[in-house]
Amino acid sequence: QVQLAESGGGLVQAGGSLRLSCAASGFTLDGYAIGWFRQAPGKAREGVSCISSSGTFTYYTDSVKGRFAISRDNAKNTVYLQMNSLKPEDTAVYYCAAERYSSNGCALRIPSWYSHWGQGTQVTISS
């Protein structure tokens, strides 16, 4: 059974850091592009970052550039999102998503491009 599981969310003060993990089970992430999305209450799901299957290409939405970093460890079948200098506006449920795509690239702003989704992890930033 193909599953993605996010972890690492929590409650931190503004300026703090969190590292989210996206672990795959039932399949190997090798050959998959991975995206991180977030959804705040009353708002649409927003693309935060994505990474190509090779790890060569990474993309970020403007609001997190310079603060967030996406990486992958295919040996551990896990993708990470390091989040630094967190702001209250980063508060949301964060989801990881995977799509089999061996070419270079990923879809930062197209949730429907991804076939597999995790259940999400809550990130809350207090001011």
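The structure displayed is predicted, hence computed values, not measured ones. Every heavy atom of this structure was used, including side-chain atoms; hydrogens, water molecules and symmetry mates were not.
- Within the structure, every pair that satisfies the disulfide (SG to SG under 2.5 Å) test and touches residues 43-78, not counting sequence neighbours, is listed here: Cys50-Cys106.
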All N/O donor-acceptor pairs, side-chain side in residues 12-33, below 3.5 Å, sequence neighbours left out:
unit_1: Ser17; atom_1: OG; unit_2: Asn84; atom_2: OD1; d: 2.9
unit_1: Thr28; atom_1: OG1; unit_2: Asp30; atom_2: N; d: 3.3

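- Counting side-chain heavy-atom gaps under 4.5 Å among Ile, Leu, Val, Met, Phe, Trp and Tyr, the cluster of Phe57 also holds Tyr59, Leu108.
- Counting heavy atoms from C-beta on, the side chains of Met83 and Val48 never come closer than 4.5 Å.
- Across Trp117 and Pro111, no two heavy atoms sit closer than the pair CZ2-O, 3.3 Å.
- No donor-acceptor distance shorter than 3.5 angstrom exists from the side chain of Tyr94 to the backbone of Gln39, with no hydrogens or angles considered.
- Applying the salt bridge (Lys or Arg N to Asp or Glu O under 4.0 Å) criterion to Glu46, with sequence neighbours excluded, gives Arg38.
- Under the side chain to side chain donor-acceptor pair (under 3.5 Å) criterion, Ser71 pairs with no residue at all, not counting sequence neighbours.
- Every residue two or more places apart in sequence or in another chain was checked for a ring-ring contact (aromatic ring centres under 6.0 Å, His included) with Phe68, and none qualifies.
- Considering only residues two or more places apart in sequence or on other chains, Lys43 meets the salt bridge (Lys or Arg N to Asp or Glu O under 4.0 Å) condition with none of them.
- Applying the salt bridge (Lys or Arg N to Asp or Glu O under 4.0 Å) test to pairs two or more places apart or on separate chains, none has a residue in residues 97-120.
- Inter-residue side-chain proximity for Cys96 and Phe37 is flagged as unmet; no heavy-atom pair is nearer than 4.5 Å.
- For Arg67, the side chain to side chain donor-acceptor pair (under 3.5 Å) partners are Asp90, not counting sequence neighbours.
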key: side-chain contact (heavy atoms from CB on, under 4.5 Å) evaluation trace for Gln122 with Thr91   = CA-CA 8 Å; Gln122 176 69 48; Thr91 295; 4.1 Å; yes

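- Clustering ILVMFWY residues whenever any of their side-chain heavy atoms sit less than 4.5 angstrom apart, transitively, puts Val64 in the very cluster that holds Val79.
- For the salt bridge (Lys or Arg N to Asp or Glu O under 4.0 Å) condition, no pair includes a residue of residues 71-87, sequence neighbours left out.
- Residues Thr121 and Tyr95 have side chains not in contact (no heavy-atom distance under 4.5 Å, counting atoms from C-beta outward).
- Between Glu6 and Trp36, the closest side-chain pair of non-hydrogen atoms falls below 4.5 Å.
- By the rule that hydrophobic residues join a cluster once side-chain heavy atoms approach within less than 4.5 Å of another member, Tyr114 and Val93 end up as members of one cluster.
- When all heavy atoms are compared, the tightest approach of Asn74 to Ser53 is ND2-O, 4.0 Å.
- Within the model, atoms CD1 of Ile34 and CG of Leu4 stand 6.5 Å from one another, a figure rounded to the nearest 0.5 Å.
- Under the rule for a side chain to side chain donor-acceptor pair (under 3.5 Å), Glu89 has no partner lying at least two apart in sequence or in another chain.
- For the side chain to side chain donor-acceptor pair (under 3.5 Å) test, no residue two or more places apart in sequence or in another chain qualifies with Ser127.
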